[in-house]
Chemist: 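Quick one: structure below, then a few questions.
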Amino acid sequence: QVQLVESGGGLVQPGGSLRLSCAASGSIFSIDEMGWYRQAPGNQRDLVARITRDNASTYPDSVKGRFTISRDNANNMVYLQMNSLQPDDTAVYYCHAYVSRADQPLYFRQYWGQGTQVTVSS
């Protein structure tokens, strides 16, 4: 099996920064696109950032210029640096990846982490 485990969430004041990490583990053959999504209570889960294996990244306008996604292919990690955080950024943040397993190396499945809470409040 494959697991994604996030870390780094917490409580931060407006204007502050946090860095989220996500570690992929298990019977991994290859990881394609990785990304971060977030979901606030009563809202749908929205894209925050995504990055290809070749490090091409995409952001929605709501976080562009404040958030930066990066990845470490050698260690199956993806990171989200969040700066200038605002109360509207409060949500559960989920790691996402398209992963192929060793037993089916050409078939990519979607995997999600369990989520990490980010709260921006004074």
Side-chain angles (χ1 to χ4, degrees):
Q1 292 300 323
V2 173
Q3 297 85 34
L4 301 181
V5 178
E6 303 99 336
S7 61
L11 173 64
V12 63
Q13 292 186 341
S17 298
L18 280 176
R19 187 184 192 227
L20 305 182
S21 300
C22 173
S25 63
S27 183
I28 296 170
F29 180 81
S30 180
I31 302 177
D32 196 356
E33 181 180 288
M34 305 184 80
W36 292 92
Y37 289 72
R38 67 185 180 187
Q39 187 169 20
N43 290 357
Q44 65 183 17
R45 190 173 296 187
D46 292 326
L47 174 70
V48 176
R50 60 186 176 202
I51 186 168
T52 68
R53 187 169 181 84
D54 296 329
N55 290 315
S57 56
T58 304
Y59 306 91
D61 289 343
S62 58
V63 307
K64 197 174 294 182
R66 300 189 298 123
F67 291 9
T68 303
I69 190 170
S70 60
R71 64 188 287 173
D72 176 354
N73 291 332
N75 292 298
N76 296 332
M77 298 285 296
V78 64
Y79 306 95
L80 184 69
Q81 178 66 43
M82 304 185 293
N83 298 329
S84 302
L85 284 161
Q86 299 302 319
D88 284 350
D89 296 314
T90 296
V92 178
Y93 283 69
Y94 296 90
C95 178
H96 172 265
Y98 288 96
V99 182
S100 70
R101 300 186 328 209
D103 60 341
Q104 292 183 302
L106 299 183
Y107 179 56
F108 286 83
R109 295 178 173 87
Q110 294 190 64
Y111 290 90
W112 293 92
Q114 81 288 352
T116 185
Q117 177 70 46
V118 171
T119 302
V120 185
S121 175
S122 55

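Please read all numbers here as calculations on a predicted model, not as lab measurements. As a basis for the values below, the full set of heavy atoms in this structure was taken, side chains included, without hydrogen atoms, waters or symmetry mates.
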Chemist: Find the distance between CE (M34) and CE (M77) and round it off to the nearest 0.5 Å.
Modeler: 8.5 Å
Chemist: When hydrophobic residues are tied together by side-chain contacts of less than 4.5 Å, even through go-betweens, does Y94 share a cluster with V120?
Modeler: no
Chemist: Only one of T116, V5, V78 passes side-chain contact (heavy atoms from CB on, under 4.5 Å) with C22; say which it is.
Modeler: V78
Chemist: Count I, L, V, M, F, W, Y as connected when their side-chain heavy atoms are under 4.5 Å apart, and connections chain through other members. Are I51 and I28 then in the same cluster?
Modeler: yes
Chemist: Between S27 and V2, which heavy-atom pair has the shortest distance, and what is it?
Modeler: O-CG2, 4.3 Å
Chemist: How many angstroms lie between atom OG of S122 and atom CG of L11, to the nearest 0.5 angstrom?
Modeler: 9.5 Å
Chemist: Shortest non-hydrogen contact from G15 to Q86?
Modeler: N-NE2, 4.0 Å
Chemist: May I ask you to decide if R19's main-chain N or O and Q81's side chain share a donor-acceptor pair within less than 3.5 Å?
Modeler: no
Chemist: Checking R109 against Q104 for the side-chain hydrogen bond (donor to acceptor under 3.5 Å, both in side chains) test, could you report, in this order, the C-alpha distance in whole Å, the side-chain angles of both residues, the deciding distance, and whether it holds?
Modeler: CA-CA 10 Å; R109 295 178 173 87; Q104 292 183 302; 2.5 Å; yes
Chemist: Show the atom names and distances, to 0.1 Å, of all donor-acceptor pairs under 3.5 Å that link a side chain in residues 53-62 to residues at least two apart or in another chain.
Modeler:
unit_1, atom_1, unit_2, atom_2, d
R53, NH1, I31, O, 3.1
Y59, OH, I69, N, 2.9
D61, OD1, K64, NZ, 3.4

Chemist: Verify, without hydrogens or angle tests, whether T90 (side chain) and T119 (backbone) share a donor-acceptor contact under 3.5 angstrom.
Modeler: no
Chemist: At what distance, to the nearest 0.5 angstrom, does OG of S30 lie from OH of Y107?
Modeler: 15.0 Å
Chemist: Would you name the heavy atoms of S17 and S84 that are closest together and state the gap between them?
Modeler: OG-N, 4.4 Å
Chemist: F29: which residues meet the ring-ring contact (aromatic ring centres under 6.0 Å, His included) condition with it, sequence neighbours left out?
Modeler: none
Chemist: Have a look at W112 and tell me which of Y93, Y37, W36, Y98 forms a ring pair (Phe, Tyr, Trp, His ring centres under 6.0 Å) with it.
Modeler: Y37
Chemist: Using every non-hydrogen atom in the two residues, find where L20 and M82 come nearest and quote the distance to one decimal.
Modeler: CG-CE, 3.8 Å
Chemist: Going through the checks in order, is the side-chain contact (heavy atoms from CB on, under 4.5 Å) test met by V99 and N76?
Modeler: CA-CA 10 Å; V99 182; N76 296 332; over 6 Å; no
Chemist: Look up atom CZ in R66 and atom CG in N83, then write down how far apart they are to the nearest 0.5 Å.
Modeler: 9.0 Å
Chemist: Do V63 and R38 have side chains that approach each other closer than 4.5 Å (heavy atoms only, starting at C-beta)?
Modeler: yes
Chemist: Taking the side chain as everything from C-beta on, heavy atoms only, tell me whether Y79 gets closer than 4.5 Å to S21.
Modeler: yes
Chemist: Search all heavy atoms of S121 against all heavy atoms of P14 and return the closest pair with its distance.
Modeler: C-CD, 3.6 Å
